[in-house]
Amino acid sequence: MPREQPVFAEERRQRIVDAVAAQGRVRIAELVELLGVTEPTIRKDLDELQRLRLLQRTHGGAIAVQSHSEVPLHDRGFQHREAKKLIATACRDEITRGESVFLDSGTTVQGIAEGLDNLDVNILTNALGVANLVAGRPGIRHTLIGGQVRPLGGSLIGPVALDNLTRFHVDIAFIGASGLTEDGISVADVAEAQIKQAVIDRARRVIVPMDSSKFSTSDFVTVCQLNRIDMIITERATDDVTRWCKRHGVILRVAGE
């Protein structure tokens with residue numbers, strides 16, 4: 001067993017935060033070796049740091065918490081563009097003619113709407129950008145739910161939107177998220193999370209299109225656990241995500257393969 005070192009708890013915890021920030025994730029065994037303290041000490045440190053929202057505990061370690069401000073929708077469109085194009089194409093392959101489809105807000109999901117033509121589908125959305133893209137496209141009927149406009153995400157949220165959703169059921173829901181861990185998917189805004197949760201409850205299949213930059217990160221509010229998701233579509237699978245999907249019964253599809 002490692003020998004306890006005469007290091008102040010504050011200094012030790014700062015080193016843990018620095019390690020998580022640098023690597024994105026750390027394991028308890030790594031911290032034991034790095035700091036020369038026992039596993040129980042590290043676990044107590046991680047619990048306290050999670051309470052302070054400086055990291056997120058996972059089974060066997062910790063991961064970084066996204067603490068940066070939410071990026072506006074327009075600016076997000078320039079991030080990871082090639083990956084998002086691949087993912088959007090793969091998502092469209094999952095849609096069968098005649099189905100009802102919910103398209104969430106977010107740039108990756110918006111990319112799905114850009115290639116929809118002559119599929120004889122019903123599109124339900126709370127995203128203003130999606131509604132504009134599918135308007136007038138041949139073979140597409142679409143419904144934009146009402147609600148309070150959230151300019152940062154280009155979406156409709158709030159009690160009116162939630163009430164409108166109770167009137168619908170969909171075959172497939174494409175749900176966007178900004179973080180993915182074994183604990184589930186997460187987003188930056190509580191009201192956005194509520195809309196996504198309501199849609200998930202009313203969808204036959206739930207597909208999460210997500211580029212790999214969002215893996216092993218957690219945003220402000222959890223949307224759902226992994227066992228509520230049927231499929232994740234990404235451009236690159238990591239060992240962690242592959243393991244999490246297998247453990248929780250989620251199909252992991254890598255676009256282009």
Side-chain angles (χ1 to χ4, degrees), residues 1-72 75-76 78-80 82-84 87 106 108 176-190 192-193 208-227 229 232 234-248 250 252 254:
M1 178 178 294
R3 179 173 59 87
E4 294 282 353
Q5 300 294 319
V7 177
F8 290 115
E10 291 81 2
E11 179 184 348
R12 188 176 63 244
R13 290 169 183 172
Q14 184 58 56
R15 292 178 67 183
I16 293 173
V17 171
D18 291 343
V20 172
Q23 302 175 39
R25 62 181 299 113
V26 293
R27 299 189 181 280
I28 289 175
E30 296 171 341
L31 294 173
V32 166
E33 182 177 354
L34 173 68
L35 300 170
V37 295
T38 62
E39 281 197 16
T41 298
I42 293 297
R43 292 182 188 279
K44 289 179 182 178
D45 287 341
L46 295 180
D47 288 341
E48 176 62 13
L49 291 170
Q50 177 171 260
R51 187 186 70 80
L52 295 171
R53 295 192 56 80
L54 296 174
L55 52 73
Q56 179 169 320
R57 290 279 274 114
T58 63
H59 179 71
I63 60 174
V65 174
Q66 291 184 345
S67 58
H68 52 77
S69 299
E70 184 180 4
V71 179
D75 295 340
R76 275 182 265 156
F78 296 100
Q79 299 174 338
H80 314 288
E82 293 306 313
K84 291 176 180 180
I87 294 167
T108 304
S178 49
L180 169 67
T181 69
E182 189 169 9
D183 294 325
I185 59 172
S186 55
V187 293
D189 184 78
V190 173
E192 288 272 11
V208 175
M210 175 181 286
D211 69 79
S212 58
S213 70
K214 300 170 184 174
F215 293 168
S216 297
T217 63
S218 178
D219 218 324
F220 181 60
V221 56
T222 298
V223 174
C224 71
Q225 305 300 309
L226 289 186
N227 60 12
I229 298 168
I232 293 172
T234 186
E235 91 289 0
R236 181 178 65 86
T238 64
D239 291 341
D240 282 339
V241 171
T242 300
R243 183 172 62 254
W244 299 339
C245 287
K246 184 176 181 180
R247 185 175 295 158
H248 295 279
V250 180
L252 181 62
V254 179

**Student:** Please tell me if the side chains of Lys84 and Asp211 come closer than 4.5 Å, counting only heavy atoms from C-beta onward.
**Tutor:** yes
**Student:** Among residues at least two apart in sequence or on other chains, which ones pass side chain to side chain donor-acceptor pair (under 3.5 Å) with Gln50?
**Tutor:** none
**Student:** Does Asp189 reach the side chain of Val221, with side-chain heavy atoms less than 4.5 Å apart?
**Tutor:** no
**Student:** State, yes or no, whether a side-chain contact exists between Leu180 and Lys214 at a heavy-atom distance under 4.5 Å.
**Tutor:** no
**Student:** Flag the pair Ile28 / Arg43 as yes when at least one side-chain heavy-atom distance between them is below 4.5 Å, and no otherwise.
**Tutor:** yes
**Student:** For Glu48, give me all partners under salt bridge (Lys or Arg N to Asp or Glu O under 4.0 Å), at least two apart in sequence or on another chain.
**Tutor:** Arg51
**Student:** Return the CD1 to CD1 distance between Ile42 and Ile16, rounded to the nearest 0.5 Å.
**Tutor:** 4.5 Å
**Student:** Do side-chain atoms of Glu235 reach the backbone of Ser212 as a donor and acceptor pair under 3.5 angstrom?
**Tutor:** yes
**Student:** Hey, could you give me the CG/CD distance between Asp219 and Glu192, rounded to the nearest 0.5 Å?
**Tutor:** 11.0 Å
**Student:** Taking the side chain as everything from C-beta on, heavy atoms only, tell me whether Leu55 gets closer than 4.5 Å to Val26.
**Tutor:** no
**Student:** With rounding to the nearest 0.5 angstrom, report the CG to CD distance, Leu46 to Glu39.
**Tutor:** 10.5 Å
**Student:** Please examine the side chains of Thr234 and Val241, heavy atoms only from C-beta on, and report whether any two atoms are closer than 4.5 Å.
**Tutor:** no
**Student:** Quick one, Ser218 and Asp183 - any side-chain contact, counting heavy atoms below 4.5 Å?
**Tutor:** no
**Student:** Name all residues meeting the side chain to side chain donor-acceptor pair (under 3.5 Å) criterion together with Asp45; count only those two or more places apart in sequence or in a different chain, and write none if there are none.
**Tutor:** Arg12, Arg13
**Student:** Say you draw a straight line from OG1 of Thr181 to NE2 of His59; how long is it, rounded to the nearest 0.5 Å?
**Tutor:** 13.5 Å
**Student:** Could you work out, with side-chain contact (heavy atoms from CB on, under 4.5 Å) as the rule, every residue matching Asp240, not counting sequence neighbours?
**Tutor:** Arg25, Arg27, Ser216, Thr238, Arg243, Trp244
**Student:** Excluding sequence neighbours, so at least two apart, what forms side-chain contact (heavy atoms from CB on, under 4.5 Å) with Ala237?
**Tutor:** Thr242, Leu252, Val254
**Student:** Evaluate the side-chain contact (heavy atoms from CB on, under 4.5 Å) criterion for residues Ile185 and Ile232: first the C-alpha distance (whole Å), next the side-chain angles of each, then the deciding distance (0.1 Å), finally the verdict.
**Tutor:** CA-CA 11 Å; Ile185 59 172; Ile232 293 172; 5.7 Å; no
**Student:** Can you list everything that forms a side chain to side chain donor-acceptor pair (under 3.5 Å) with Gln14? Sequence neighbours excluded, please.
**Tutor:** Asp18
**Student:** Quick one, Met210 and Thr108 - any side-chain contact, counting heavy atoms below 4.5 Å?
**Tutor:** no
**Student:** State the CZ-OG distance between Arg236 and Ser213, to the nearest 0.5 angstrom.
**Tutor:** 9.5 Å
**Student:** Quiz question: by atom type and distance under 3.5 Å, do the side chains of His248 and Gln225 form a donor-acceptor pair?
**Tutor:** no
